[in-house]
Participant: 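This is the structure I want to talk about, given as structure tokens.
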Amino acid sequence: MLGKVADWKIPLGPYTPAQIALAVGGGFLLVKTISWWSVLGPIPITAWLLAIWAVRRPKIRGHAPVQAALGWVLLGWQPKGGRIGGRAARDRAPRPLLGGFTIEGAPAAVPAAKATPSPAAQRRAPRAPHPSPAATRSSTRHRTEPAAGAVPVGPVSGVQQLLALAAQGGDAR
């Protein structure tokens, strides 16, 4: 409310900012257009005063008109993506995703008795760390050959051992 100082107040006041804006703006408009509405007599002045009285406590969805207008302005001013932590949310700039792979020769055929371990056994067995691709590459080409004394790995789980024994024709007693 505007227009109240201690015990003194403007006649018929205090006034809201909307009433003061309408009084000033409407009064200016009436003075500038007096030649147009002077034939109507006191009707435009009466309508102006009624409009000032009507906006004394207007509400737009629970807000005064000035606050409602300010809300619409701020809504239009917001970035399209919204805000995160008070800053405008923006998509990150696109970057190319680079990568590579190496195709090596197929491993030698393994007989059925020397099959790979079951998935359950693979989960229980400790895993060796994979070397990074940069560590396996070198500037010179070389051939890798299997070690001479390499011992093939046999069946790991009990079920695989029984299957290997049955494949050899042995008795599992």
Side-chain angles (χ1 to χ4, degrees), residues 1-107 115-141 144 156-160:
M1 294 290 181
L2 302 172
K4 185 174 182 181
V5 177
D7 290 335
W8 180 83
K9 64 181 181 175
I10 296 175
L12 303 174
Y15 298 102
T16 64
Q19 285 178 303
I20 293 173
L22 185 62
V24 171
F28 179 76
L29 186 67
L30 285 174
V31 169
K32 289 296 184 182
T33 60
I34 196 165
S35 62
W36 295 352
W37 59 265
S38 62
V39 293
L40 298 174
I43 294 174
I45 294 175
T46 307
W48 174 55
L49 293 173
L50 283 174
I52 292 171
W53 176 81
V55 297
R56 73 189 182 285
R57 288 196 182 142
K59 297 286 182 185
I60 299 172
R61 292 193 179 185
H63 297 285
V66 174
Q67 285 83 4
L70 180 64
W72 282 105
V73 168
L74 291 176
L75 180 65
W77 198 354
Q78 291 291 325
K80 277 187 179 180
R83 294 188 181 275
I84 297 175
R87 300 174 74 190
R90 305 217 188 283
D91 290 333
R92 294 183 184 219
R95 297 180 309 193
L97 180 62
L98 304 175
F101 59 92
T102 304
I103 300 176
E104 297 179 358
T116 60
S118 69
Q122 287 178 351
R123 283 192 296 267
R124 285 191 308 260
R127 296 181 186 212
H130 294 291
S132 68
T136 58
R137 284 188 230 125
S138 67
S139 59
T140 61
R141 293 186 177 231
T144 58
V156 176
S157 71
V159 174
Q160 287 179 332

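What you are looking at is a predicted structure, and each value in this text was computed from that prediction instead of being measured.
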Participant: Going by heavy atoms in the side chains, are Thr16 and Ile20 under 4.5 Å from each other?
Facilitator: no
Participant: Do you know which two heavy atoms are closest between Ile52 and Gln19, and how far apart they sit?
Facilitator: O-NE2, 3.0 Å
Participant: Is the number of heavy atoms from other residues, nucleotides or ligands under 6.0 Å of Ile84 CD1 greater than 12?
Facilitator: no
Participant: Of all residues at least two apart in sequence or in a different chain, which pass the side chain to side chain contact (heavy atoms under 4.5 Å, CB included) check with Trp37?
Facilitator: Leu30, Thr33, Ile34, Leu40, Pro44, Ile45
Participant: Could you tell me which residues satisfy side chain to side chain contact (heavy atoms under 4.5 Å, CB included) with Arg83, sequence neighbours excluded, listed by chain and number?
Facilitator: Gln78, Pro79
Participant: Once rounded to the nearest 0.5 Å, what's the spacing between atom CG of Leu22 and atom CH2 of Trp53?
Facilitator: 13.5 Å
